[in-house]
Structures are given as C-alpha cells and as structure tokens.
Amino acid sequence: MCLSRSHLNEEAGRKQRVRYEAKLLSVVDDYLLIEKFENPFLYNTVLAETPDAIKPVSVTLDVETAHPLLEVSEDRKRVRLRGTRRSLPGTGKRFTGWRCALGSEGFTSGRHYWEVEVAGSRRWSLGVAAESVERKKRATLTPETGVWSIGRWGDGFVAFASLPSHLPARSIPGRVGIYLSYESGTVSFYDADTKSHLHTFTRNKFTEKLYPFFEPWHEDQWLSICSVSAPGVQHCQIEQTNV
C-alpha cells in the first residue's frame with residue numbers, strides 16, 4: 001500500500017509534536033510528570049521516546065520484613081494474608097504491628113516505576129515506606145509516619161494521608177502502577193490497565209531510603225509484582241486459589 005507525501009508529512013509532524021511535548025515537560029518541571037497523562041497513546045509514546053525519564057525496576061519482597069500472618073512466595077514476587085500465624089525469628093526488620101511487607105530494594109535517588117497485580121483482591125494497600133517506619137507497634141501508616149500509600153476497601157479507594165480521603169469513583173484496576181520521583185518528593189499511583197491517574201502525594205522532602213510497601217488484607221488473595229520489561233508490556237505470575 002502506497003502512502004501519500006501529505007500522509008507521511010502528517011505522521012512525521014505528529015511524532016515531532018509528541019517528542020516536543022515530552023521535552024517541554026522534562027525541561028520545565030525537571031522530571032517527567034506522568035501523572036498529567038490521561039491519554040494512553042501519549043503516555044505510552046512518551047515512555048518509549050524518553051527512556052531515561054522513568055526507570056522500571058525489578059522489585060522483590062524482603063521475607064525478613066513480612067508479618068507472621070503473611071506468606072511470601074518462593075520467588076519473592078507474591079504476598080498474601082493467611083489465617084495461620086507462622087513462627088518466625090523476631091528480627092528488627094519484621095512488621096508485627098501491621099500485616100505489611102517491604103521490597104528488598106530501597107531507593108535514595110532517581111525515578112522508579114513498578115506495577116502490582118491486585119485483581120481478585122478487594123482489600124489492599126500499596127505504596128512506599130521509609131526505612132525508619134514503625135514496625136512493632138500499630139502506629140498510623142501515613143506520610144507523617146513514613147508511609148505513602150493508597151488502598152482499596154470494597155468498591156472504593158482511599159489515600160492514606162493524615163486525614164484519609166476517599167478517591168473519586170472509578171473502575172476497579174487489575175494492576176496498579178507506583179511511580180516514585182525521589183528528588184521531586186512525588187509518589188504517584190495509576191490504573192496500569194487504562195494508564196489513568198489515581199492519586200499523587202506531592203511536596204515531600206525525602207531524606208532516607210524508601211522501599212516498596214505491600215499490605216494485603218484479603219485472605220488468600222495474592223498481590224503479585226509484575227515484571228515491567230517495556231512500556232505497555234507486563235508479565236505477572238498469578239496463582240489460582242480456592243477461597
């Protein structure tokens with residue numbers, strides 16, 4: 001099939017406009033504000049054409065941080081809540097107040113992005129946590145105490161700030177994307193299926209190492225970390241369970 005010169009010029013112009021918009025966002029805001037992108041095409045194109053703006057990271061779970069009621073898979077990519085409390089060494093890293101777990105890899109700089117499969121689970125919290133977060137007592141998990149997270153509670157979503165706020169009603173995502181921009185003090189959350197924005201914590205002053213944060217509340221339902229190999233391409237390991 002032959003393409004006309006005008007069609008080729010139009011296509012070249014469209015790609016140039018996308019690159020220009022991406023460059024403006026990177027230069028003016030000093031980082032790629034992906035929370036501004038509601039259009040899936042533009043979102044994916046910008047990710048593809050500015051590969052240094054966002055760094056997809058390979059996240060694994062730190063079993064030494066997991067609450068005794070949590071089960072971590074052997075590959076450390078999945079975590080779920082169980083009804084039986086396990087007998088585990090009481091290390092300083094382990095959560096015993098809240099049923100949480102952290103990722104093995106922490107961040108002290110840069111922009112990082114990962115995705116978690118949440119399909120089938122009606123109660124969960126995801127985000128990032130500071131290394132110094134309280135692990136033994138049931139302290140409120142908010143930015144003031146070192147946790148930036150959102151969660152699903154039934155058919156609704158909550159941003160866990162000092163005063164928890166309900167997020168606008170929307171379709172329930174099967175995958176949630178978490179984006180951390182350390183220097184900019186930003187933690188953003190996305191519906192990774194539709195590339196739509198869920199919530200952003202802004203104007204934070206990060207001073208210590210931050211870790212991916214996981215809190216499954218729906219018994220026997222896995223939260224599964226996806227391998228984000230390229231924009232728009234995800235691979236998740238899901239285990240079917242009978243609840």
Side-chain angles (χ1 to χ4, degrees), residues 57-110 112-118 121-153 157-165 176-182 185-189 199 201 204-226:
V57 291
S58 177
V59 174
T60 56
L61 290 152
D62 184 348
V63 294
E64 293 186 10
T65 67
H67 187 280
L69 283 172
L70 299 185
E71 177 186 355
V72 177
S73 63
E74 289 186 7
D75 63 1
R76 297 189 297 152
K77 287 290 188 178
R78 295 171 293 141
V79 60
R80 64 179 174 179
L81 175 64
R82 301 305 304 267
T84 304
R85 188 183 186 94
R86 296 177 298 158
S87 178
L88 298 171
T91 68
K93 297 173 63 176
R94 192 175 307 285
F95 282 92
T96 55
W98 291 102
R99 294 173 289 191
C100 310
L102 300 182
S104 298
E105 303 81 9
F107 312 110
T108 56
S109 64
H112 310 277
Y113 179 79
W114 61 97
E115 293 181 1
V116 180
E117 179 81 32
V118 296
S121 180
R122 294 179 58 82
R123 297 185 67 187
W124 47 261
S125 299
L126 295 170
V128 299
E131 188 170 33
S132 63
V133 65
E134 176 59 53
R135 308 187 189 205
K136 306 304 179 184
K137 301 177 183 178
R138 291 179 65 87
T140 303
L141 301 180
T142 65
E144 288 74 19
T145 59
V147 178
W148 294 260
S149 67
I150 68 169
R152 178 184 174 186
W153 300 90
F157 290 92
V158 177
F160 295 104
S162 53
L163 292 176
S165 60
V176 174
I178 301 99
Y179 168 64
L180 165 66
S181 178
Y182 193 97
T186 300
V187 182
S188 295
F189 300 86
H199 183 72
F201 292 97
N204 300 286
K205 181 66 175 179
F206 299 136
T207 58
E208 59 181 294
K209 186 174 288 189
L210 301 178
Y211 293 86
F213 170 85
F214 305 83
E215 187 177 19
W217 281 81
H218 192 174
E219 191 169 309
D220 287 327
Q221 291 294 326
W222 292 105
L223 299 181
S224 301
I225 301 167
C226 300

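In this chain, residues are counted from 1 in sequence order. Note: hydrogens, waters and symmetry copies are ignored here, and every other heavy atom, side chains too, is used.
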According to side-chain contact (heavy atoms from CB on, under 4.5 Å), who are the partners of Pro216, at least two apart in sequence or on a separate chain?
Leu70, Val79, Leu223
Could you check if a side-chain atom of Trp124 sits within less than 4.5 angstrom of a side-chain atom of Val176, using non-hydrogen atoms only?
yes
Within the structure provided, determine whether Ser149 and Glu215 are in side-chain contact (heavy-atom separation under 4.5 Å).
no
Can you give me the closest heavy-atom contact between Phe206 and Gly185, atom names plus distance?
CE1-CA, 3.5 Å
Among Tyr182, Trp148, Tyr179, which residue satisfies the side-chain contact (heavy atoms from CB on, under 4.5 Å) criterion with Val128?
Trp148
Those residues at least two apart in sequence (or on a different chain) that pass side-chain contact (heavy atoms from CB on, under 4.5 Å) with Thr140 are Thr142
Nearest heavy-atom neighbours spanning Gly151 and Phe160:
N-CE1, 3.5 Å
Can you check side-chain contact (heavy atoms from CB on, under 4.5 Å) on Lys77 and Leu61, steps first, answer last?
CA-CA 6 Å; Lys77 287 290 188 178; Leu61 290 152; 6.0 Å; no
Side chains of Phe213 and Ile178 in contact at under 4.5 Å (non-hydrogen atoms)
no
Could you give me the CA-CA distance, side-chain angles and deciding distance for Cys100 and Val147, then say whether side-chain contact (heavy atoms from CB on, under 4.5 Å) is met?
CA-CA 11 Å; Cys100 310; Val147 178; over 6 Å; no
Give a yes or no answer on whether the side chain of Thr65 reaches the backbone of Leu102 with a donor-acceptor pair at less than 3.5 Å.
yes
For Ser121 and Arg152 the tightest heavy-atom approach is O-NH1, 3.2 Å
Residue set satisfying side-chain hydrogen bond (donor to acceptor under 3.5 Å, both in side chains) with Ser132, at least two apart, ordered chain then number -> Glu208
Under the rule for side-chain hydrogen bond (donor to acceptor under 3.5 Å, both in side chains), what residues qualify as partners of Thr108, not counting sequence neighbours?
none
Quick one: do Trp98 and Val133 satisfy side-chain contact (heavy atoms from CB on, under 4.5 Å)? Show the steps, please.
CA-CA 11 Å; Trp98 291 102; Val133 65; over 6 Å; no
Search all heavy atoms of Ser125 against all heavy atoms of Trp217 and return the closest pair with its distance.
OG-NE1, 4.4 Å
Please step through side-chain contact (heavy atoms from CB on, under 4.5 Å) for the pair Val118 and Leu126, ending with a clear verdict.
CA-CA 10 Å; Val118 296; Leu126 295 170; 3.8 Å; yes
Sidechain-backbone polar pair: Ser224 side chain, Glu117 backbone, donor-acceptor under 3.5 Å:
no
Filter on salt bridge (charged side-chain N to carboxylate O under 4.0 Å, His left out), then keep only pairs touching residues 81-100, sequence neighbours left out; what's left?
Asp62-Lys93, Glu64-Lys93, Glu71-Arg82, Arg82-Asp220
Verify, without hydrogens or angle tests, whether His218 (side chain) and Arg122 (backbone) share a donor-acceptor contact under 3.5 angstrom.
yes
Which atom of Gly127 lies closest to which atom of Phe189, heavy atoms considered
CA-CE2, 3.6 Å
Nearest heavy-atom approach of Pro212 to Glu105 is CD-O, 3.3 Å
Check the surroundings of atom CD in Glu74: do more than 12 heavy atoms from other residues, nucleotides or ligands lie under 6.0 Å from it?
no
Show every salt bridge (charged side-chain N to carboxylate O under 4.0 Å, His left out) that has at least one partner inside residues 130-139, sequence neighbours left out.
none
